[in-house]
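Notes for the one structure printed next.
The residues of the chain are indexed from 1 along the displayed sequence. What you are looking at is a predicted structure, and each value in this text was computed from that prediction instead of being measured. These numbers come from the heavy atoms of this one structure, side chains and all, not from hydrogens, waters or symmetry mates.
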Amino acid sequence: MRGRYRLAVYLAGATIARTGDELSGPALLLLGLGVDGSAATGSALLAGLTISAAAGGPLLGALLDRSSRPGRLLAWALLAYAGGLGAVLALVEIPAAIAVAVAAGLLNPALAGGWTAQLPGVRGTTPLPRASALDAMTFTAASLAGPGLAGLVTAYAGAPAAVAVAITLVVAAFPAAWSLPAAEARPGKPIRRQLAAGFAVLFRNRALLRATATSTMSFVGVGMAVVCYPLLGAQRLGNPGFGALLLTVLAAASLVANAVLARRPPPPDRTVLVSTGLLGASFLLAAAGHDVATLLAAAVLAGFAEGPQLSALFAIRHREAPAEVRAQVFTTAASVKITGLAAGAAAAGPLSALSVTAGLSAAAGCQLLAAATYAVVRTSGRTRTPSPARAA
């Protein structure tokens with residue numbers, strides 16, 4: 001019973017914090033637009049918040065791994081991230097606000113990998129694959145609620161109020177993070193050696209490297225598709241809002257897929273490959289579709305792929321990462337995925353301006369490259385660092 005309570009508190013806190021994070025992106029875009037009427041200002045604020053995640057993830061993970069009370073460190077990171085968002089809201093000068101957004105983005109992996117790395121300590125008797133699927137559902141629920149909440153609050157109270165709501169949600173997750181259980185005492189090695197150990201596990205362990213490389217390339221394509229969907233709605237359905245609705249359908253399908261598979265999760269390694277192929281097929285279907293039914297089917301297929309891919313990634317990382325570097329593996333891998341998503345979104349701008357079909361076709365091509373990456377990493381190399389479970 002206590003294990004179930006801990007898992008419920010963990011999932012509630014993760015959902016609240018991640019909803020605040022998903023809300024903050026659209027809110028910053030709208031905030032920048034309201035400052036000078038330029039979409040470039042909003043995109044610069046959002047890019048500043050996400051671009052530094054790759055730098056902050058490894059160090060934050062290493063500090064969590066070294067801490068005997070990682071939950072408290074995570075809680076302080078949440079407060080600092082919320083404080084950074086508050087500083088962006090308070091600043092008038094745009095260059096200074098962008099610089100603060102970059103600094104706050106260093107702590108962004110706390111809301112993704114930092115939380116998920118603590119899952120084994122709170123899952124109790126729940127099987128780890130099922131717990132990973134439930135954890136992945138918090139991301140999907142947040143991606144459903146966050147953007148809609150940002151639009152609703154902005155419509156009635158303005159973009160600053162939407163940023164304030166995002167800050168409030170992140171702060172509201174503080175007690176759940178603070179209550180996470182203590183970890184076993186870890187030997188105090190120099191932080192440089194700690195970082196080196198985490199990177200060594202991530203690059204030498206074949207299963208981890210394969211999952212990380214495949215999902216990162218896959219997320220480059222997802223970033224392209226996210227940019228293309230509003231244009232798809234505008235060009236083929238007559239309203240860019242319909243494109244945003246397609247993204248909502250995608251997130252809802254992802255949530256349903258993980259809810260169904262949580263009881264009996266499929267093998268995670270195979271799921272990463274299958275989901276990548278399904279994403280590619282969904283983007284090609286969207287590129288070829290010109291009617292509502294086809295585009296809805298493409299969005300549902302993408303959701304059925306994206307949700308299980310995320311839960312499979314979590315299961316692989318939990319299975320393969322040693323406890324002493326688990327948080328670093330999670331935050332580093334999350335940072336790399338965020339960077340891939342941002343790179344795909346940036347590349348999709350000129351492509352989608354040329355042709356939305358070209359943008360979606362490129363997104364599908366990224367899935368083909370991701371599948372090829374899976375095959376190459378799977379067959380290359382003769383040695384592999386065994387996972388703790390296999391070693392036992």
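Side-chain contact between L11 and L7 is present, with heavy atoms from C-beta onward closer than 4.5 Å. Side-chain contact check for V122 versus L180: some heavy-atom pair is nearer than 4.5 Å. At least one side-chain heavy atom of H318 sits less than 4.5 Å from a side-chain heavy atom of R326. When side chains are defined from C-beta on, E306 does not count as touching N258, because their heavy atoms never get closer than 4.5 Å. Put simply, the side chain of R192 does not reach to within 4.5 Å of the side chain of L195, judged on heavy atoms. Looking at P160 and L31, their side chains come closer than 4.5 Å, going by heavy atoms from C-beta outward.
At least one donor-acceptor pair under 3.5 Å links the side chain of T126 to the backbone N or O of R123. Under the 3.5 Å distance criterion, the side-chain polar atoms of S361 are left unmatched by any main-chain donor or acceptor of A358. Here the side chain of S179 pairs a donor or acceptor atom with the backbone of A176 at under 3.5 angstrom. Counting only distance, with no hydrogens or angles, the side chain of Q328 and the backbone of L63 share no donor-acceptor pair below 3.5 Å. A donor-acceptor pair under 3.5 Å is formed between the side chain of R236 and the backbone N or O of G289. A donor-acceptor pair under 3.5 Å links the side-chain atoms of S215 to the main chain of T212, judged by distance alone. Counting only distance, with no hydrogens or angles, the side chain of S254 and the backbone of L250 share no donor-acceptor pair below 3.5 Å. Of the possible donor and acceptor atoms, one in the side chain of Y10 sits under 3.5 Å from a partner among the backbone N and O of W115. Between the side chain of S132 and the backbone N or O of L128 there is at least one donor-acceptor pair closer than 3.5 Å. A donor-acceptor pair is defined here as one N or O able to donate and one able to accept, closer than 3.5 Å; no such pair exists between the side chain of S311 and the backbone of A133.
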Original post:
L149 and L169: side-chain contact (heavy atoms from CB on, under 4.5 Å), yes or no, with the steps?
Top reply: CA-CA 12 Å; L149 190 56; L169 287 172; 4.2 Å; yes
**OP:** Could you please spell out the steps behind the side-chain contact (heavy atoms from CB on, under 4.5 Å) verdict for L232 and L295?
**Re:** CA-CA 9 Å; L232 194 67; L295 295 177; 3.7 Å; yes
**OP:** Under the side-chain hydrogen bond (donor to acceptor under 3.5 Å, both in side chains) rule, what do N205 and E320 come out as? Steps first, then yes or no, please.
**Re:** CA-CA 8 Å; N205 184 298; E320 300 291 336; 3.1 Å; yes
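A distance of 13.0 Å separates CZ in R264 from CZ in R130, rounded to the nearest 0.5 Å. A distance of 3.5 Å separates OG1 of T294 from CG of D291, quoted to the nearest 0.5 Å. Q367 CD to M224 CE: the interatomic distance, rounded to the nearest 0.5 Å, is 10.0 Å. Interatomic distance, Y81 OH to L74 CG, rounded to the nearest 0.5 Å: 13.0 Å. Atom OG in S275 sits 14.0 Å away from atom CZ in F304 (nearest 0.5 Å). With values rounded to the nearest 0.5 angstrom, W76 atom CH2 is found 13.5 Å from L107 atom CG.
In the hydrophobic clustering of ILVMFWY residues, with side-chain heavy atoms under 4.5 Å counting as a link, V88 and I167 come out together. V171 and L23 fall into different hydrophobic clusters, where Ile, Leu, Val, Met, Phe, Trp and Tyr side chains are chained together by heavy-atom contacts under 4.5 Å. In the hydrophobic clustering of ILVMFWY residues, with side-chain heavy atoms under 4.5 Å counting as a link, L73 and L119 come out together. Linking ILVMFWY residues whenever their side-chain heavy atoms come closer than 4.5 Å, directly or via other members, places F283 and V226 in the same cluster. In terms of hydrophobic clustering, with Ile, Leu, Val, Met, Phe, Trp and Tyr side chains grouped at heavy-atom distances under 4.5 Å, L49 and V100 are assigned to a common cluster.
Here D21 pairs with nothing under the salt bridge (charged side-chain N to carboxylate O under 4.0 Å, His left out) rule; sequence neighbours left out. The salt bridge (charged side-chain N to carboxylate O under 4.0 Å, His left out) search around R18 returns D135, not counting sequence neighbours.
Salt-bridge formation is detected for the pair R210/D269: a Lys NZ or Arg NE/NH1/NH2 atom is positioned less than 4.0 Å from an Asp or Glu carboxylate oxygen.
When each of T271, L273, T276 is checked for a side-chain contact (heavy atoms from CB on, under 4.5 Å) with Q309, only T276 meets the rule.
Relative orientation of the F330 and F314 rings is tilted, given thresholds of 30° and 60° on the angle between their planes.
The shortest heavy-atom contact between A62 and I191 is CB-CD1, 3.8 Å. The two residues A117 and A327 make their nearest non-hydrogen contact at CB-CA, 3.4 Å. Of all heavy-atom pairs spanning D65 and A323, the tightest one is OD1-O, 3.9 Å. The shortest non-hydrogen separation linking L78 to V170 is O-CG1, 3.5 Å. Residues L208 and I316 approach most closely at CD2-O, 4.3 Å, considering heavy atoms. Closest of all the heavy-atom pairs between A362 and L351 is CB-CD1, 3.7 Å.
For W178, the CH2 atom counts as densely surrounded, since its 6.0 Å shell holds more than 12 non-hydrogen atoms of other residues, nucleotides or ligands.
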